[in-house]
Amino acid sequence: MIRLCIDTSHPIGSLTISRPELSKKTVERRWSKPASHSETATEELGRLCSELRIKARDITQIAVNHGPGSFTGLRVGINISRTLSYATGCPVVQVSTLDLLAEKYGTGLDSKMLVAVKALREFFYLGIFESDSSGWKLSEPPRSVSQSQLALCREDIVQRWVEGVTPGFQAQTFAEDIERYLVKRNETAHLDSWKNVRPLYIRRSEAEEKLG
């Protein structure tokens, strides 16, 4: 299997290509030019394929961060994954930012955890997680909450990772985080067709909010 992971949900975009069943080293590309995901992602994918001496049609699985995150950035990653999946017939795994952050920062000291990342204005995207033998899993659907609501939310949960509040917590995720997540979870249960790949928009865009 040759797996491509895509993360364009944050200011720094990234791609990885790996062969998990052969324990081959994951090769990653990152870029940080502002607002460059749409023009850079396909170029970096081409360079990465050339370096590894493979073609896009050789990719057998795609994994993409489908949000929450930048509205424009998410569309870029989603469109690349949908286009490649349609062209090659390979399946797609959709992974959320909140899942990646829970896996990255969560510890086994508590059975429940709160993860919150900044959204528009004073809002946050919130996920509540519970741990089991396979790791951290959402215990309820993610939602958007205001800063005041977040402060009062689930005060019984000790392990709280909040962007801009918790020291050392960074909401930026990378394609290599997706790869590690899938390897750890042996994630094969959520393979999807390109038709079902959609951005995880927990709340409307700022333009939609204004129109509303």
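Computed from heavy atoms alone, side chains included, the values below leave out hydrogens, waters and symmetry copies. The residues of the chain are indexed from 1 along the displayed sequence.
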Is the backbone of [Y] close enough, under 3.5 Å, to the side chain of [X] for a donor and an acceptor to pair up by distance?
{"X": "Q94", "Y": "R198", "answer": "yes"}
{"X": "Y181", "Y": "K104", "answer": "no"}
{"X": "S81", "Y": "I78", "answer": "yes"}
{"X": "E179", "Y": "T26", "answer": "no"}
{"X": "R57", "Y": "T88", "answer": "no"}
{"X": "R160", "Y": "R154", "answer": "yes"}
{"X": "T8", "Y": "G73", "answer": "yes"}
{"X": "H37", "Y": "D7", "answer": "no"}
{"X": "H10", "Y": "A171", "answer": "yes"}
{"X": "S139", "Y": "I128", "answer": "yes"}

Considering non-hydrogen atoms only, spot the tightest contact between [X] and [Y] and give its length.
{"X": "G67", "Y": "N65", "value": "N-OD1, 2.9 Å"}
{"X": "L98", "Y": "P68", "value": "CG-CD, 4.1 Å"}
{"X": "I6", "Y": "G77", "value": "CG2-CA, 3.9 Å"}
{"X": "S144", "Y": "F123", "value": "OG-CD2, 3.6 Å"}
{"X": "S14", "Y": "A175", "value": "OG-N, 2.7 Å"}
{"X": "T42", "Y": "E39", "value": "OG1-O, 4.4 Å"}

Do the non-hydrogen side-chain atoms of [X] and [Y] ever get within less than 4.5 Å of each other?
{"X": "L150", "Y": "L114", "result": "yes"}
{"X": "L45", "Y": "L4", "result": "yes"}
{"X": "Q61", "Y": "V93", "result": "yes"}
{"X": "F124", "Y": "Q149", "result": "no"}

Candidate pair T16 and I178, rule side-chain contact (heavy atoms from CB on, under 4.5 Å), full reasoning: CA-CA 9 Å; T16 63; I178 303 176; over 6 Å; no
Tell me, yes or no, whether the heavy-atom count around E122 atom CD, taken from other residues, nucleotides or ligands under 6.0 Å, exceeds 12.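 Yes, the 6.0 Å shell around CD holds more than 12 heavy atoms from other groups.
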Taking CD in E163 as the centre, count heavy atoms belonging to other residues, nucleotides or ligands within less than 6.0 Å. Is the count above 12?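 Atom CD in E163 is packed in, count exceeds 12.
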To the closest 0.5 Å, what do you measure between CG (D99) and OG1 (T173)?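 Atom-to-atom, D99:CG and T173:OG1 are 11.0 Å apart.
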Starting at CZ of F129, measure out to CD of Q159 and round the result to the nearest 0.5 Å.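 F129 atom CZ to Q159 atom CD measures 11.0 Å (nearest 0.5 Å).
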Could you tell me how the ring of F71 sits relative to the ring of Y201: parallel (under 30°), tilted (30 to 60°) or perpendicular (over 60°)?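 Rings of F71 and Y201: parallel, as their planes differ by under 30°.
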Can you tell which of F169, W136, W161 makes a side-chain contact (heavy atoms from CB on, under 4.5 Å) with L101?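 Exactly one pass, corresponding to F169.
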After noting the C-alpha distance and the side-chain angles of L152 and S148, does the key distance pass the side-chain contact (heavy atoms from CB on, under 4.5 Å) rule? CA-CA 7 Å; L152 300 173; S148 58; 5.9 Å; no
Linking I/L/V/M/F/W/Y whenever any side-chain heavy atoms sit under 4.5 Å apart, do I12 and V95 land together?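 Different clusters.
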With a 4.5 Å cut-off on side-chain heavy-atom distances among I, L, V, M, F, W and Y, is there a chain of contacts connecting L15 to F174?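 No; tracing contacts between hydrophobic side chains, which count when under 4.5 Å, never links both residues.
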Please lay out, stage by stage, how S193 and N196 fare under the test side-chain hydrogen bond (donor to acceptor under 3.5 Å, both in side chains). CA-CA 6 Å; S193 162; N196 300 321; 4.9 Å; no
In plain terms, say whether D58 and K55 are close enough for a salt bridge, that is, a side-chain N and a carboxylate O under 4.0 Å apart.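 K55 and D58: not salt-bridged.
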